[in-house]
Protein chains: 2
Amino acid sequence: MEITFKAINDPTRREILVFLIGGAQNAGEIAKQFSMSKPSISHHLDLLKQGNLILAEKKGQYIIYSLNRSGFELVHVWFQGFAQYFEFPKPKIRL
Amino acid sequence: MEITFKAINDPTRREILVFLIGGAQNAGEIAKQFSMSKPSISHHLDLLKQGNLILAEKKGQYIIYSLNRSGFELVHVWFQGFAQYFEFPKPKIRL
DNA sequence: TAAATATTTAAACGAATGTCTAAATATTTA
DNA sequence: TAAATATTTAGACATTCGTTTAAATATTTA
């Protein structure tokens, strides 16, 4: 849990997560989105992976990254206690 | 947003938040929960306040801290995008 | 008004973090 | 097999972070 919150703490890593909502991407494509060296992005990807927020799958010489449900679920569960405290309004329409 | 995620990143601060689910408390009572100096707790409370996760209200010589909806809402909204990504499609009802 | 209580502010310091460049590893292509 | 491509690992360095003790501020009580 500690590592998951830590992973979410950095703005670049949050941007990577949002970027991956659009679909899985290899490391190079992810790095292109940022004005930062590839090793830095690689390091961020590693932390996101450690926090179970992304999955890495090797495909030839590429590594494809995608969102990982389990990290998000962990944070979601933590927040549930507060959601109940505040009684966030439930959507009236089931989509 | 940056400061809100930062505030949530520290384990002591997360414990303070959980503690406050039980109800508002003054700084001294909060500090009692931790084996840490009062100035450290004071600093953590300051960061939580900056992140709009808690409210501070002066009551005589005490300062009463309570959970603040707005910080939690901000994080909640951020997570909504991912919740949608992971959610299984709901069956459509034929009318 | 002086002392006691509650809390914060200030200054210092080691540990953790994010970034870079250079080098290493793995895979594909010529 | 050698060169090119994709990505990571290693090492260095400045900045940020969490903690402490000491001092300051504010309020209440005797």
Side-chain angles (χ1 to χ4, degrees), chain A residues 1-20 22-68 71 75 78, chain B residues 1-20 22-68 71 75 78:
Chain A
M1 171 149 142
E2 178 66 19
I3 183 65
T4 303
F5 276 103
K6 174 183 164 183
I8 290 173
N9 188 40
D10 182 82
T12 300
R13 292 195 287 270
R14 288 197 300 274
E15 281 189 61
I16 291 173
L17 292 175
V18 169
F19 178 60
L20 290 177
Q25 292 284 359
N26 64 55
E29 287 301 318
I30 295 170
K32 269 188 198 165
Q33 303 295 316
F34 302 89
S35 51
M36 191 180 292
S37 72
K38 282 177 183 177
S40 291
I41 296 297
S42 182
H43 177 235
H44 286 311
L45 290 169
D46 182 48
L47 288 176
L48 287 169
K49 196 168 64 178
Q50 284 184 49
N52 297 304
L53 289 160
I54 60 174
L55 294 167
E57 190 189 357
K58 184 137 194 176
K59 212 91 178 193
Q61 64 187 329
Y62 299 89
I63 298 179
I64 312 294
Y65 287 96
S66 59
L67 294 178
N68 180 357
V75 177
W78 190 79
Chain B
M1 172 149 140
E2 179 66 19
I3 182 65
T4 302
F5 276 103
K6 173 183 164 183
I8 290 174
N9 187 40
D10 181 80
T12 299
R13 293 196 286 269
R14 287 197 301 273
E15 280 190 61
I16 291 173
L17 292 175
V18 169
F19 178 61
L20 290 177
Q25 292 283 358
N26 64 56
E29 286 301 317
I30 295 170
K32 270 188 196 164
Q33 303 295 316
F34 301 89
S35 51
M36 190 180 289
S37 72
K38 283 177 183 178
S40 291
I41 297 296
S42 182
H43 176 235
H44 285 311
L45 290 170
D46 181 49
L47 288 176
L48 287 169
K49 196 169 63 178
Q50 285 184 48
N52 297 304
L53 290 159
I54 61 175
L55 294 167
E57 189 189 358
K58 184 137 194 177
K59 211 89 177 190
Q61 65 187 326
Y62 298 89
I63 298 179
I64 312 294
Y65 287 97
S66 59
L67 294 179
N68 180 356
V75 178
W78 190 79

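Chain letters run A, B, ... following the sequence lines, proteins first and then strands; every chain starts at 1.
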Inset, instruction - Assign each of A:Asn9 and A:Lys49 to its nearest nucleotide of DNA chain D by heavy atoms, then name whichever residue's nucleotide is nearer the 5' end. - result: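 Nearest nucleotide further toward 5': that of A:Lys49.
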Let me know the distance between [atom1] of [X] and [atom2] of [N], rounded to the nearest Å.
{"X": "B:Phe5", "N": "D:dC17", "atom1": "CZ", "atom2": "P", "value": "16 Å"}
{"X": "A:Met36", "N": "C:dT17", "atom1": "CE", "atom2": "P", "value": "16 Å"}
{"X": "B:Ile41", "N": "D:dT19", "atom1": "CD1", "atom2": "P", "value": "8 Å"}
{"X": "A:Ile16", "N": "C:dG18", "atom1": "CD1", "atom2": "P", "value": "11 Å"}
{"X": "B:Leu45", "N": "C:dT9", "atom1": "CG", "atom2": "P", "value": "11 Å"}
{"X": "B:Lys38", "N": "D:dT20", "atom1": "NZ", "atom2": "P", "value": "13 Å"}
{"X": "B:Lys59", "N": "D:dT28", "atom1": "NZ", "atom2": "C1'", "value": "16 Å"}
{"X": "A:His43", "N": "C:dC20", "atom1": "NE2", "atom2": "P", "value": "12 Å"}

Legend entry - Listed nucleotide nearest any side-chain atom of B:Ser42, set D:dA10, C:dT8, C:dG18: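 Among the listed nucleotides, the one closest to the side chain of B:Ser42 is C:dT8.
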Inset, instruction - Could you work out which one of D:dT19, C:dT9, C:dT19 sits closest to the side chain of B:Pro39? - result: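 Of all the options, the side chain of B:Pro39 is nearest to C:dT9.
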At 4.0 Å (heavy atoms only), tell me whether [X] reaches a base, stays on the sugar-phosphate, or touches nothing.
{"X": "B:Tyr65", "result": "sugar-phosphate"}
{"X": "A:Asp10", "result": "sugar-phosphate"}
{"X": "B:His44", "result": "sugar-phosphate"}

Distance test, side-chain N/O of [X] to OP1/OP2 of [N], below 4.0 Å:
{"X": "A:Lys6", "N": "C:dT17", "value": "yes"}
{"X": "A:Asn26", "N": "D:dT7", "value": "yes"}
{"X": "B:Lys58", "N": "D:dA26", "value": "no"}
{"X": "B:Ser40", "N": "D:dG18", "value": "no"}
{"X": "B:Ser37", "N": "D:dT20", "value": "yes"}

For [X] versus [Y], what's the shortest heavy-atom pair and its separation?
{"X": "B:Tyr65", "Y": "B:Leu20", "value": "O-CD2, 3.6 Å"}
{"X": "B:Leu53", "Y": "B:Gly71", "value": "CD2-C, 3.8 Å"}
{"X": "A:Arg13", "Y": "A:Ala7", "value": "NE-O, 2.8 Å"}

Legend entry - Main-chain N/O of B:Ile8 paired with B:Arg14 side-chain donor or acceptor, under 3.5 Å: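 Flag set: sc B:Arg14 to bb B:Ile8 pair under 3.5 Å.
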Legend entry - Structure string for DNA chain D in dot-bracket form, Watson-Crick and G-U at under 3.5 Å, | interchain: ||||||||||||||||||||||||||||||
Legend entry - pair A:Lys6-A:Ile3: side-chain heavy atoms closer than 4.5 Å: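 The answer is yes, as the side chains (C-beta and beyond) meet within the 4.5 Å cut-off.
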Legend entry - Side chain proximity check, B:Asp46 to B:Lys49, heavy atoms < 4.5 angstrom: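 Yes - at least one pair of side-chain heavy atoms lies under 4.5 Å apart.
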Inset, instruction - With DNA chain C as reference, determine whether A:Leu47 or A:Tyr62 sits nearer its 5' end, using the nearest nucleotide of each. - result: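 By nearest-heavy-atom nucleotide position, the 5'-most residue is A:Leu47.
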Inset, instruction - Kindly compute the distance separating CD1 (A:Ile64) from CD1 (A:Ile54), expressed to the nearest 0.5 Å. - result: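 Going from CD1 on A:Ile64 over to CD1 on A:Ile54, the span is 12.0 Å.
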Legend entry - side chain to side chain donor-acceptor pair (under 3.5 Å) partner of B:Glu29, chosen from B:Gln33, B:Gln25, B:Lys32: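 Output: one option passes, namely B:Lys32.
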